[in-house]
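Written below as structure tokens is the structure these notes are about.
The sequence lines fix the lettering, A, B, ..., with proteins before strands; numbering per chain opens at 1.
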Amino acid sequence: MITAILKDAVVASLRELYGQNFSEKDFQINQTKPEFEGDYTVVLFSLVKALKKSPDAIGSELGNHLLQSKNSVFVRFNIIKGFLNLSVADSYWIGNLEKNYNEICYGTKAMRGEKVMVEYSSPNTNKPLHLGHLRNNFLGWSIAAILKAAGYDIVKTCIVNDRGIHICKSMIAWKLFANGSTPQSTSIKGDHFVGDYYVKFNNEYKRQVAELVAKGIKEDEAEKEAPIMKAAQQMLVDWEAGKPDVIELWKSMNSWVYAGFDETYKRIGSDFDKVYYESDTYLLGKKLVEDGLKKKVFIEKDDGSVWIDLTADGLDEKIVRRKDGTAVYITQDIGLAVEKYEQYKCSQSIYVVGDEQNYHFKVLKLICQKLGLPSADGIYHLSYGMVELPTGKMKSREGTVVDADDLVDEMVSIAANHTQELGKVKDFTDEELKELYETISLGALKFFLLRVDPKKKMIFNPEESIDFHGFTGPFVQYTHARIRSILRKEFPAAGYKTQDTGLLPLEKELLITLEQYGTIIEQAAFEHNPSVIATYAFNLAKTFNSFYTEHSVTNAESDEKKQLRLKLCLFTANSIQSAMALLGVKVPERM
RNA sequence: GGUCCGGUAGCUCAGUUGGAUAGAGCAUCAGCCUUCUAAGCUGAGGGUCAUUGGUUCGAAUCCAAUCCGGAUCACCA
């Protein structure tokens with residue numbers, strides 16, 4: 001890659017010129033700003049002190065030396081105010097084109113034999129998926145794809161929170177209000193069906209609390225005493241005791257939810273290599289508490305509860321076992337971390353979980369380290385910000401949650417309307433149209449959620465539907481479709497070797513952008529950040545569109561140019577397709 | 001209160017191992033379809049990078065203080 005070549009060349013030149021050893025970190029390489037001549041720039045200021053020379057003197061000596069070095073790919077240079085601007089030979093860019101224009105794996109790294117686990121999605125089984133889950137799912141899936149492209153073996157997992165008081169609430173409400181109805185009998189998608197009973201529980205609960213308060217009972221007292229809440233708590237006890245009718249109801253309600261989730265997962269493209277269920281894992285970690293006590297990492301208090309003191313690390317005391325001997329959330333996670341490690345031996349274990357749990361994962365990693373677990377150092381919390389509405393956080397109690405299925409449906413219908421208005425695919429069959437609408441609408445949605453830095457919370461305004469113009473998925477998809485349209489007319493001729501005939505500015509700009517793809521994948525993988533890929537795909541499409549309006553491909557000035565541009569088209573289309581695939585976005589042949 | 005994260009154009013976001021005149025998209029305005037798909041292209045306007053001070057050749061970027069917003073600090077998960 002050119003930036004790596006340049007860095008090495010500068011280090012070598014500095015050594016030969018001045019007899020001093022510098023490293024890549026002692027100077028900076030930038031892409032040259034468009035208003036100056038050149039392709040890449042060496043910033044000279046940082047070398048001034050060590051060399052005791054003016055930036056201009058270093059620049060001219062370094063520039064000349066770089067040009068004269070053996071096999072140099074640099075052909076010209078100029079120095080402006082301490083910046084050494086270098087021009088790269090056209091033959092370099094054309095060489096990269098020739099080598100990779102139809103290389104499907106372009107930009108990806110060789111497998112390095114290292115396994116990484118990505119846990120994402122992790123839903124509760126008492127309500128359907130919402131917009132926040134979509135961000136989680138798209139992020140997790142994309143990070144897995146990016147790391148795979150960067151040469152890691154990937155294990156995708158999901159932990160299903162299928163037990164606890166939340167699911168008991170849905171179960172109680174179903175028993176009280178459903179009269180035996182089911183998703184089948186009501187034709188409601190299973191996860192929504194169960195979610196509706198969760199809502200019914202809360203409504204009834206609120207009513208009962210209000211009733212008790214009206215009778216003169218204090219509010220916090222009423223919240224504990226409401227019969228429906230007591231029933232839910234009793235149900236949790238019965239569940240843990242394995243009471244057959246409770247278990248049976250729990251199984252069937254969960255199975256309804258899974259059927260609903262599967263439908264959504266299939267539609268949005270989420271998949272997992274291994275699914276863990278909390279009902280299987282919630283007892284894990286108890287043995288580790290014993291070990292921790294022996295190692296004196298944990299301390300037992302008088303009431304029998306077990307704690308870890310993390311105040312020395314700037315955190316608080318944290319409970320790891322209740323006084324009744326039961327495990328808490330963090331204990332399960334310690335246990336599951338060990339189980340995962342024993343099963344897969346991954347060197348890194350990524351948890352895609354919202355930033356509200358930053359503290360939890362800090363504690364988790366620290367405890368695992370103190371216990372000396374081999375899995376500890378590989379724990380990485382990929383923390384992402386909440387998706388908020390312009391009015392603030394989404395709240396299920398206030399009915400401001402954006403439902404995932406509804407949102408996808410709405411996007412599909414917008415995509416359908418828009419496509420029909422444009423009328424470019426009138427010859428498509430119904431089947432093809434349906435597929436196209438899914439491709440465009442999910443492309444818009446995924447791109448929208450992934451183009452923002454995961455760490456940052458983001459605002460979604462349901463009033464303004466997600467755009468199809470500008471920095472969006474459909475923009476990139478459209479560019480791809482346009483290119484494929486050219487390639488259907490004509491394809492690069494076999495065995496035609498492109499000559500170095502002088503590249504036009506837009507041709508070169510496109511080649512430079514294409515050359516950066518490998519570096520971009522590395523960066524996205526290193527940062528665990530799909531937005532790097534989204535930005536790149538957009539820039540590539542934008543650059544191509546400028547080229548496209550300025551220069552004709554099939555009616556190029558010469559055969560020579562036509563072949564060059566056909567290869568450029570194929571190279572760009574392949575790269576767009578590949579980059580978008582890393583985001584989980586498909587690109588259509590026509591739209 | 002402790003800890004952590006954020007504040008960049010009217011809106012949504014890039015840019016933060018310190019580098020050239022702070023960039024995109026949307027929205028607004030002005031142009032471009034007899035030529036490979038106008039979901040496109042070209043251009044214009046729009047900024048006290050929250051505030052103040054410091055570090056230095058150079059600060060949106062680093063440091064300190066302040067203001068504003070958010071998360072978290074459960075014998076919930």
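The side chain of A/Lys393 sits closest to B/A71 out of B/C36, B/A71, B/C75.
The side chain of A/Lys362 contributes no N or O atom lying less than 4.0 Å from OP1 or OP2 of B/U3. Contact annotation: A/Ser546 reaches the phosphate of B/U42 (side-chain N/O to OP1 or OP2, under 4.0 Å).
For B/C5, the base adopts the anti conformation, since its glycosidic angle falls more than 90 degrees from zero.
Nucleotides B/U52 and B/C33 are separated by 49 Å at their P atoms, to the nearest Å. With C1' as the reference atom, B/C68 and B/G31 are 43 Å apart, rounded to whole Å. Taking atom C1' in both B/C4 and B/G43, the straight-line distance is 45 Å, to the nearest Å. To the nearest whole angstrom, the two P atoms, one in B/C67 and one in B/U28, are 40 Å apart. The same atom, C1', is picked in B/G54 and in B/A59; the two are 11 Å apart, to the nearest Å.
Judged by Watson-Crick or G-U wobble contacts below 3.5 Å, the nucleotide B/G10 has B/C26 as its partner. In this structure B/U3 sits in a base pair with B/A71, meeting the Watson-Crick or G-U test at under 3.5 Å.
Judged by closest nucleotide on RNA chain B, A/His418 is the one of A/His418 and A/Ser305 placed further toward the 5' end.
A stacking contact between A/Phe475 and B/G40 is absent: the pair does not combine a ring-centre distance of less than 5.5 Å to the base's six-membered ring with planes differing by less than 30°.
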